[in-house]
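Note that the structure is predicted; figures quoted are calculated from it, not measured. Just so you know, residue 1 is the first one in the sequence shown, and it goes up from there.
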Amino acid sequence: MLHGGDLSWAIERFGGAESDWLDLSTGINPHAYPLETGVSGPAWRNLPGQAGLDHLIGAARKAYDCPESLALVAGPGTQILISQIPYLLPEGPVALCGPTYTSHASAFTRAGRTPEEVSTPHALPDRAKIAVIVNPNNPDGRLTDPQSLLAIARELTERGGALVLDEAFADVMPGSSLLPHITDENVVVLRSFGKFFGLAGLRLGFMAARPSLARQMSERLDSWAVSGPAQEIGRVALSDKNWQQAMVRQLADEMADLTICLGENGLGVFGGTPLYALAGHRDAHKLHDALARQHIWTRVFDYAPTWIRFGLPGSAEGLKRLAQALAEAQKAL
């Protein structure tokens with residue numbers, strides 16, 4: 001599974017309509033930011049303007065506590081930013097802390113720069129010029145504290161390199177972001193909008209970096225990279241601190257319920273974030289298929305045959321359905 005969230009393959013193999021499925025294969029918030037005010041007519045009709053983009057960037061800078069030493073670039077999702085980053089960084093060996101989100105390794109490989117995988121951020125080889133760390137890590141939720149990351153960033157900067165830090169799930173882990181601590185270190189930080197705000201289809205993401213690198217990214221993205229509706233919705237959502245704080249608490253409560261549900265059905269949760277739980281099962285792929293036959297879609301990993309990941313069901317009814325399906329699947333296995 002390259003990414004979660006695409007039910008077409010599941011439907012083709014296991015049947016049903018999309019509405020029949022409970023999709024737990026992603027780490028996307030099932031409670032989307034409310035779009036009660038809608039989007040203005042000009043945002044749909046007109047080409048996205050610089051003023052709207054500036055307002056969006058301003059809201060993101062404040063929401064993410066981005067230091068003045070870094071410039072902020074908005075793009076159509078972090079995926080496109082990940083694909084371009086390898087072409088903007090200094091030459092030299094690349095180290096990737098894994099296992100993690102596979103798109104980072106794929107992007108460097110496509111750019112002719114095969115990364116070396118290391119087990120922890122503290123095991124980076126001395127020859128590494130570039131380090132890529134996902135924090136909190138996807139899929140196991142491993143968290144590296146900001147001070148350790150800052151020390152790594154300073155060491156890489158002294159070598160003439162850079163730290164690439166993917167903070168896609170940092171919104172649900174208050175205090176985990178490195179951004180407020182950065183001064184003059186060469187750090188590239190990615191922030192995802194769609195995951196926490198539950199609006200992945202909007203395609204909006206951000207990259208914080210030194211102004212020269214940010215300028216290069218902007219040039220690669222070219223004109224109108226962020227749609228007018230995405231500019232408006234992103235600005236409003238990123239400015240809504242009350243919703244964000246309440247949602248962090250709600251997600252933590254729902255993850256506690258999910259963890260209990262999984263434990264009661266023979267699954268030990270050993271990692272994750274408030275948006276997904278990573279559990280272990282001796283026959284994870286068989287369990288995945290057994291749940292799919294009941295139209296519940298989870299995520300499994302080729303490199304870890306005993307791992308299975310569950311997103312939040314999003315409701316008491318969804319959690320009950322999952323519990324019943326797990327009980328039936330365990331019988332079948």
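In summary, Arg159 and Glu155 engage in a salt bridge, as defined by a charged side-chain N under 4.0 Å from a carboxylate O.
Around NE2 of His285, the count of heavy atoms belonging to other residues, nucleotides or ligands within 6.0 Å exceeds 12. Counted within 6.0 Å of CD on Glu117, heavy atoms from surrounding residues, nucleotides or ligands total more than 12; the atom is thus considered enclosed. Atom NZ of Lys286 has 12 or fewer heavy atoms from other residues, nucleotides or ligands within 6.0 Å.
Residues Ala71 and Pro211 approach most closely at CB-CA, 3.9 Å, considering heavy atoms. A pairwise comparison of heavy atoms in Ala43 and Glu232 identifies CB-OE2, 3.4 Å as the closest pair. When all heavy atoms are compared, the tightest approach of Tyr276 to Gly27 is CD2-CA, 4.2 Å.
Checked against a 6.0 Å centroid threshold, the rings of His281 and Trp307 do not count as neighbours.
Side chains of Ser177 and Glu167: a donor-acceptor N/O pair is present below 3.5 angstrom, by distance only.
Among residues two or more places apart in sequence or in another chain, the ring pair (Phe, Tyr, Trp, His ring centres under 6.0 Å) test is passed with His295 by Trp21.
A side-chain contact (heavy atoms from CB on, under 4.5 Å) with Phe310 is found for one member of Leu258, Thr259, Leu278, Ile296 and no other, namely Leu258. Of the residues Phe193, Phe196, Trp243, the one that meets the ring pair (Phe, Tyr, Trp, His ring centres under 6.0 Å) test with Tyr33 is Trp243. With respect to Trp297, the side-chain contact (heavy atoms from CB on, under 4.5 Å) criterion is satisfied by exactly one of Leu291, Leu7, Leu24: Leu7.
Between the side chain of Ser83 and the backbone N or O of Ile80 there is at least one donor-acceptor pair closer than 3.5 Å. The backbone N or O of Thr157 sits nowhere less than 3.5 Å from a side-chain atom of Asn186 that would complete a donor-acceptor pair.
Linking Ile, Leu, Val, Met, Phe, Trp and Tyr whenever their side-chain heavy atoms come within less than 4.5 Å leaves Val134 and Met207 in two separate clusters.
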message: If you apply the rule side-chain contact (heavy atoms from CB on, under 4.5 Å), what do you find for Gln79 with Tyr101, and how did you get there?
response: CA-CA 11 Å; Gln79 191 67 32; Tyr101 186 56; 2.5 Å; yes
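Residue pairs meeting the ring-ring contact (aromatic ring centres under 6.0 Å, His included) criterion with at least one member in residues 112-146, sequence neighbours excluded, do not occur.
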